[in-house]
Amino acid sequence: MGSSSATTSSPTAARLPEGGPSILVGVAGGIAAYKAADVVGALRRRGARVTVLLSRNAARFVSPLALRTLSGRPVGEDLFDEPAEWGVGHVTLAKEADAFVVVAATADLIARLAAGEAGDFVTAAALVYHPKPLLLAPAMNTAMWRHPAVRANLRTLRARGARILDPASGLLACGDVGDGKLPDPAVIAGEAWALARPDARPGAGAELAGRRVLVTAGPTREALDPVRFLSNPSSGRMGYQVAAACRDLGAEVTLVSGPVELPDPPGVRVVRVVSAREMLEACRGPFTRAHALIACAAVSDWRPARPSGSKVKKTGRGASLRLEPNPDILFTLSRAKGRRVLVGFAAETDDLLANARAKLERKRLDLLVANPVDGGRGFGSEANEAWILAPGAEPRHFGPGPKSELAALLARDVADLLRRRG
Ligand SMILES: Cc1cc2nc3c(=O)[nH]c(=O)nc-3n(C[C@H](O)[C@H](O)[C@H](O)COP(=O)(O)O)c2cc1C
């Protein structure tokens, strides 16, 4: 950064509402940076004390004057020229903040955050802010978003507790169509507000209060020998989002998860398993107590019939593998359905709706989310496209849209079904 205009002081800092949470809005140097102004405005309207910090290139994309005016406070532009009243601003502000959201997090800023750099206001404050969870709203070109380096950096940040808002899909500023669009500023502001005021999440303690929800997520692994397994590319993200969405509506959530790289969602009981049989056993107890089961896991249909106890040696010849079927977890549990609400997922490459409809009936499901998983859609991606089937109803189309939105929609559907069931 290092611009000579440095930190912009506000001569007319507005009086801030008493008791409002303190929220840092970090702004990065991408084309969507101007939308940070809307996030700041939305947070101010809710009564937050908002302080804007700029990354080294943010001021090239959005006017510090606009952000100063909207936040009613000085804007941190130059780490080496902070407003006197802040003291050592990146330290004091980060310590007192109730939430820290980075709007239009760029690939570059994400890399610097993952590397632990501290060369500008956003990265320096983010280091001090740890271990409180950073909220990142990334926005970038689709190819950048999908680049393995960006994915790895995001995994690193997630593992350290950061929350990443899935970008939306659509027409990007560069003219490409795909994922990488900044989510709606109102959604970003809502998430930041919820982090600052966990008791103020929309609907918290409401539609699913007093309900117990069991969620399964991720792939399973079926051992061939101690170092090899059969599995699939499920990231677990959909199930983790569903668990968080049910928690946000007040449910007591148990998440039975196959091997994934996601951190435990706060406020959710997580049981980690590896194989399909372990997943079924881990589900049995929570299922007897649950009001609803949402089965998002991509369970391996087969397992090697005779896994080897020691590493199978290379022979230079071909080898054949005999498989035997795994238990169908959803089908097994559905036989004791009772009054529970059951939701399944079907990832299909062919005849999506016909296969989904058959599964809905065979497993006595109340809802089935059918995902096309061809051409890079579905598994491992941040967004999802789906058809939601229910007995006797026309399929509803969703997306493509962020998995968090689909999760919120499903949590509300489950709440509705439970309410109607009494
Ligand atoms: C016109 C233009 C638009 C850009 N938009 C984005 C963007 O949307 N997302 C992104 O990650 N990088 C984008 N970049 C690249 C960043 O500006 C660049 O990586 C910069 O170093 C990021 O600054 P920061 O680290 O302060 O965020 C853009 C660059 C230009 C010239």
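Read the numbers this way: they start at 1 and go in the same order the structure lists the ligands and their atoms.
- Numbered from 1 in the order shown, with element, the atoms of ligand 1 that lie under 4.0 Å from a heavy atom of Met144 read 10 (C), 11 (O), 12 (N).
- Side-chain contact check for Ser275 and Glu222: no donor-acceptor pair (N or O, by modelled atom type) lies under 3.5 Å.
- In summary, the side chains of Thr156 and Asn153 do not present any donor paired with an acceptor at a separation below 3.5 Å, with no hydrogens or angles considered.
- Checked by distance only, ligand 1 and Ile31 come closer than 3.5 Å through their nitrogen or oxygen atoms.
- Heavy-atom separations between Ala139 and ligand 1 include at least one value shorter than 4.0 Å.
- Not a single heavy atom of Arg60 sits closer than 4.0 Å to an atom of ligand 1.
- Relative to the six-membered ring of Trp387, Arg357 misses at least one condition, a distance below 6.0 Å or an angle of at most 45° to the axis.
- Protein heavy atom at the shortest distance from atom 26 (O) of ligand 1 is Ser55 OG, 2.5 Å.
- In this structure, Asp366 contributes its side chain and Leu342 its backbone to a donor-acceptor pair below 3.5 Å.
- Here's the thing with Asp108: one of its N/O atoms is less than 3.5 angstrom from an N/O atom of ligand 1.
- The heavy atom nearest to atom 15 (C) of ligand 1, considering only Gly30, Gly29, Ala28, is found in Gly29.
- A pairwise comparison of heavy atoms in Ala97 and Leu24 identifies CB-CG, 3.8 Å as the closest pair.
- In terms of protein heavy atoms, atom 25 (O) of ligand 1 is closest to Arg112 NH1, 2.6 Å.
- Which parts of ligand 1 touch Leu109 is read off a 4.0 Å heavy-atom cut-off, strictly below it: atoms 25 (O), 27 (O).
- When atom types are taken as modelled, the side chain of Asp98 and the backbone of Ser22 share a donor-acceptor pair closer than 3.5 angstrom.
- Side-chain polar atoms of Thr51 and Arg73 form a donor-acceptor pair below 3.5 angstrom.
- At under 3.5 Å, not a single nitrogen or oxygen of Met140, backbone or side chain, sits near a nitrogen or oxygen of ligand 1.
- Here the heavy atom of the protein found nearest to atom 11 (O) of ligand 1 is Ala107 N, 2.8 Å.
- For the 3.5 Å distance criterion, the side chains of Tyr240 and Ser235 fail to qualify, holding no donor opposite an acceptor.
- Note: Trp86 and Phe121 have perpendicular aromatic rings, judged against thresholds of 30 and 60 degrees for the angle between ring planes.
- When the options Ile110, Asn57, Asn141, Leu113 are ranked by their closest heavy atom to atom 20 (C) of ligand 1, first place goes to Asn57.
- Atom 28 (C) of ligand 1 has Phe61 CZ, 4.1 Å as its closest protein atom, hydrogens excluded (heavy atom only).
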